[in-house]
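Numbering starts at 1 and runs along the sequence shown.
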Amino acid sequence: MSAFREAISEAAGLIVRADADFLEIVALSVQVTGLAVLIACAIGFPLGALLAVGRFRGRGALSLVVSSAMGLPPVVVGLVLYMLLSRAGPLGVLGLLYTPTAMVIAQVVLVTPIVAALTRQVVADLDAEFSETLRALRATRAQAMATLLWEARPALVTAALAGLGRAMAEVGAVMIVGGNIDHLTRVMTTAIALETSRGDLALALALGLVLLLASLAINALLMGLRQRIGEPAHG
């Protein structure tokens, strides 16, 4: 019990004195996750809208792929990307393996289906409500998609936050393609796994507290947005 109290005390010390290694890990986590979610949204929002209102061959199959990809096992994604990015792989010449860029790619692959699937559902609901108005205005398919995405702004923020929560908790894929290299590719989740296995609970607890607080903040924002989105329906 005394060892546990000591670890908690050391963890608090790391946070209070803004330990350099601790801050470096947190900063890289924010950088990698933030960039991955931005790219995933840039891809997922228009893709979801296209699946909702588009009419093209293979739309059903693509929708099925996107929905199924929401449950992709992270370690499988990491393995596939490792094979693609390794020296023997087709993309090995780019030299991306064991870099933050590879970690961003892994998170984009995992988060994009979530954002796209949530966007598709929201835009489809709005299309059912406004389709006659859009047809009366002779809006093109692209104009309709842009209008519906604009109307879906609060729900799209919710989709982005859901993707952010998924990305922040990711460990398997980023560890495989990033290598968990100190001062280069070590993020909060991979550092927690490593430091726990080493028995260095202080750093693991400090990083775990940051992740916990981030998770609580994301969930609070999600709950607030869902309540605000639901208010007009009850008014």
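Rounded to the nearest 0.5 angstrom, I15 CD1 and L23 CG are separated by 10.0 Å. Atom CZ of R55 is separated from atom CG of L50 by 10.0 Å, given to the nearest 0.5 angstrom. Remark: D21 CG to D19 CG distance equals 5.5 Å, nearest 0.5 Å. Taken to the nearest 0.5 Å, the CG atom of L47 stands 8.5 Å off from the CE atom of M145.
Put simply, the side chain of T190 never gets that close to the backbone of R186: no donor and acceptor are under 3.5 Å apart. In this structure, D127 contributes its side chain and V123 its backbone to no donor-acceptor pair below 3.5 Å. With hydrogens and angles disregarded, a donor-acceptor distance shorter than 3.5 Å links the side chain of R141 to the backbone of V53. Under the 3.5 Å distance criterion, the side-chain polar atoms of T158 are matched with a main-chain donor or acceptor of P154. Judged purely by atom type and a 3.5 angstrom limit, S67 uses its side chain to pair as donor or acceptor with the backbone of S63. Remark: side-chain polar atoms of T196 are not paired, donor with acceptor, to backbone N or O of A193 under 3.5 angstrom. Counting only distance, with no hydrogens or angles, the side chain of S197 and the backbone of L194 share a donor-acceptor pair below 3.5 Å. A donor-acceptor pair under 3.5 Å is absent between the side-chain atoms of S29 and the main chain of V187, judged by distance alone. T119 places no side-chain N or O within 3.5 Å of a backbone atom of G48 that could act as its donor or acceptor partner.
Heavy atoms of other residues, nucleotides or ligands lying less than 6.0 angstrom from CZ of R138 number 12 at most. For R57, the CZ atom sits in a loose shell: 12 or fewer heavy atoms of surrounding residues, nucleotides or ligands are nearer than 6.0 Å. In this structure, R153 places its CZ atom where more than 12 heavy-atom neighbours from other residues, nucleotides or ligands lie under 6.0 Å away.
Taking both residues in full, the closest heavy atoms of L97 and S86 are given as CD2-CA, 3.9 Å, listed atom of the first, atom of the second, then distance. Closest of all the heavy-atom pairs between T189 and E170 is OG1-O, 2.7 Å.
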L211 vs I192, side chain to side chain contact (heavy atoms under 4.5 Å, CB included): CA-CA, chis, key distance, verdict
CA-CA 10 Å; L211 272 178; I192 290 172; 3.6 Å; yes
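Within the 4.5 Å cutoff, the side chain of R166 has no heavy atoms near those of the Q107 side chain. Within the 4.5 Å cutoff, side-chain heavy atoms of F22 are placed close to those of L203.
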